[in-house]
Amino acid sequence: DAAVYRLSSEIALVETVDIFPPIVDDPFDYGQIAAANALSDIYAMGGKPISALSFVSWPVEVLGVDQLGKVLKGAASICSKAGISIAGGHSIVDSEPKFGLFVNGLVHPDKIIDNSGAQVGDCLILTKKIGTGVLTTAAKRGELTANGLDEAILSMSTLNEEAACVMREHSVKAATDVTGFGLLGHLGNMLRASSIRFNQPLRAKLYYNKIPLFKDVESLLEKGLCPLGSQRNLETAAPITTFSKDLRSEKQLLLADAQTSGGLLMAVPKVKVDVILSDLRSNNVLESALIGEIETGSQAGSIQVEL
């Protein structure tokens, strides 16, 4: 999820960057979401953010600078919650607005959480709902009510900090955040990386009915409201994924839905599941769902989805 550079035997620098065009209309919300999304990679690695730089491309003659100011205020508000400042950055004039952050964090070299530590018997926990790609696409096409995006905006602008704290407290060894490649894509990456690390082919079993979903996303998918990125994700994941025969096509697509500022997906030993779920809830993490487990398999990275 991020680059890590060892500075000493006790300190490593975690570095990440994430930039994208607006996915919501309100510029303040856009800035908040972009900042939370960029910070998420630091948290997914078990790190603590220390600073950020911003990047802006902006059609000044079309949108002016007032809207940009609101984007920056939104980002600054989220960085303030993370305990850091936007210390500088770079801006260019462009035909399409884009915004994002370069974020630095710190982690002990022996306490890095990456996506290659999943092992047989681990259980999979997810900390945010799935479906932001569907909802933002529906909003762009006028298929949502005025407040139809409220829950998704709250989710996307919520930091993964509390969930990361729980991971660190329980020495979780494997995690990733669910973003542009969808749940199937990021889980597949975790399985392949862990299979290589432990020289053992790993697969995962997911239970669709245990995966937290935003309201109405299934019905919106039935109307064809889905970003192209999600469709590409499913095409990529299909060769390694076996779906239950009872799982309709829109539900399959939802598992590949391209997320923005999604939750953390962590692989944890079965003996720690109950206490980790309890701590996630007591720390007011948005979701704390047990959605599957890691198994041995003949094909590294394969995924079986049951209802």
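Just so it is clear, the model here is predicted, and its values are computed rather than measured.
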Could you tell me whether the side chain of [Y] reaches within less than 4.5 Å of the side chain of [X], counting heavy atoms only?
X: L202; Y: V120; answer: yes
X: I291; Y: L265; answer: yes
X: Q200; Y: T296; answer: yes
X: F102; Y: E15; answer: no
X: W58; Y: Q67; answer: yes
X: K128; Y: S261; answer: yes
X: L191; Y: I294; answer: yes
X: D114; Y: R197; answer: yes

Sidechain-backbone polar pair: D257 side chain, C226 backbone, donor-acceptor under 3.5 Å: no

Side-chain ion pair, [X] and [Y], N-O less than 4.0 Å:
X: E151; Y: K129; value: yes
X: R248; Y: E222; value: yes
X: E306; Y: K205; value: no

Shortest non-hydrogen contact from S288 toward L277: O-CD2, 3.4 Å

Mind checking whether F55 and H90 have parallel, tilted or perpendicular rings, split at 30° and 60°? parallel

Going by distance alone, is a donor N or O of one side chain under 3.5 Å from an acceptor N or O of the other, for [X] and [Y]?
X: Q252; Y: Y208; answer: no
X: T242; Y: Q304; answer: no
X: N37; Y: T260; answer: no

